[in-house]
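Note that this is a predicted model, so its numbers are computed, not measured.
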Amino acid sequence: MVKLSAIFAKLKGVKNIQLIAGCAAVILVLTVYFAFASCGGDTAATGADDADLSDADYCTAMQVRIENTVSQIAGVGSCSVVINWDKPASPSHGFSSAPSENPKPLGALIVCDGGGSTKVKLDVMFAVSTLLDLSIEKIIVYPKNTL
């Protein structure tokens, strides 16, 4: 017990102990978060890991994943997403010996209920830009036809 009180006495003498303790708490929380956080996202929407998918499956899975994510943004409503890929999505024949890289997106078109609002357009553009690693000028958002 004497050692513990001596440690507390030394800690009281340290300048900015509250700042140091706060930083330590933040580091601890971030370490725990990143240790248990999933990097792959929700694979239940696609039913498989992206690494196990053929090009066609990968492209479709990404489109569905983005539609589901974007439709959850405030003001968007339902949406449709079309992504232009750098290589055609062809079904895998299963006899390719070399592992292929996933196709890279070249552009995206999003049609959504809230697409007439500038705020919604910007929110959707930034979200899709982040998800696909595309520049903003390669993403177009249009409002859905209400007829």
Side-chain angles (χ1 to χ4, degrees), residues 7-8 10-147:
I7 292 173
F8 282 125
K10 286 182 181 180
L11 286 176
K12 286 183 182 180
V14 175
K15 291 183 180 179
N16 299 324
I17 188 67
Q18 294 166 334
L19 182 62
I20 294 169
C23 289
V26 168
I27 290 171
L28 177 66
V29 168
L30 289 174
T31 303
V32 170
Y33 172 76
F34 287 116
F36 294 105
S38 171
C39 295
D42 182 20
T43 57
T46 61
D49 250 352
D50 291 342
D52 298 335
L53 299 174
S54 69
D55 289 349
D57 292 339
Y58 175 80
C59 294
T60 303
M62 284 303 294
Q63 180 176 323
V64 168
R65 186 177 286 173
I66 290 172
E67 283 177 356
N68 291 339
T69 303
V70 168
S71 67
Q72 294 177 24
I73 296 173
V76 172
S78 68
C79 72
S80 299
V81 175
V82 177
I83 303 170
N84 186 23
W85 301 95
D86 67 344
K87 60 182 176 179
S90 58
S92 176
H93 298 292
F95 53 82
S96 173
S97 60
S100 65
E101 290 184 11
N102 289 330
K104 304 270 187 262
L106 299 175
L109 169 71
I110 298 94
V111 179
C112 60
D113 290 333
S117 162
T118 303
K119 180 188 180 329
V120 170
K121 280 185 181 184
L122 289 174
D123 289 344
V124 170
M125 289 170 67
F126 283 119
V128 174
S129 173
T130 301
L131 292 171
L132 292 177
D133 195 24
L134 280 174
S135 59
I136 296 295
E137 61 270 2
K138 294 182 178 182
I139 302 165
I140 298 177
V141 179
Y142 288 111
K144 269 192 178 177
N145 189 353
T146 57
L147 294 177

| Stepwise side chain to side chain contact (heavy atoms under 4.5 Å, CB included) test for Cys112 and Val141 | CA-CA 7 Å; Cys112 60; Val141 179; 4.0 Å; yes

| Minimum heavy-atom distance Pro105-Trp85, with the two atoms named | N-CE3, 3.5 Å

| Test log, rule side chain to side chain contact (heavy atoms under 4.5 Å, CB included), inputs Val124 and Val76 | CA-CA 8 Å; Val124 170; Val76 172; 3.5 Å; yes

| query | Sub-3.5 Å donor-acceptor pair from the side chain of Ser71 to the main-chain atoms of Asn68, do we have one? | reply | yes

| note | Heavy-atom closest pair (Pro143 atom, Gly116 atom, distance to 0.1 Å) is CB-N, 3.5 Å

What pairs of donor and acceptor atoms, side-chain ones from residues 125-136 against any protein atom, are under 3.5 angstrom apart with sequence neighbours left out?
unit_1: Ser129; atom_1: OG; unit_2: Leu134; atom_2: O; d: 2.5
unit_1: Thr130; atom_1: OG1; unit_2: Phe126; atom_2: O; d: 2.9
unit_1: Ser135; atom_1: OG; unit_2: Glu137; atom_2: OE2; d: 3.0

| query | Taking Asp86 for the side chain and Lys104 for the main chain, is one N or O donor matched with an acceptor at less than 3.5 Å? | reply | yes

| said: Applying side chain to side chain contact (heavy atoms under 4.5 Å, CB included) to Ile110 and Ile139, what does each step give before you reach the verdict? | reply: CA-CA 8 Å; Ile110 298 94; Ile139 302 165; 3.6 Å; yes

| task | Would you please name every residue forming a side-chain contact (heavy atoms from CB on, under 4.5 Å) with Lys144, sequence neighbours left out? | result | Ser78, Ser80, Val111, Asp113

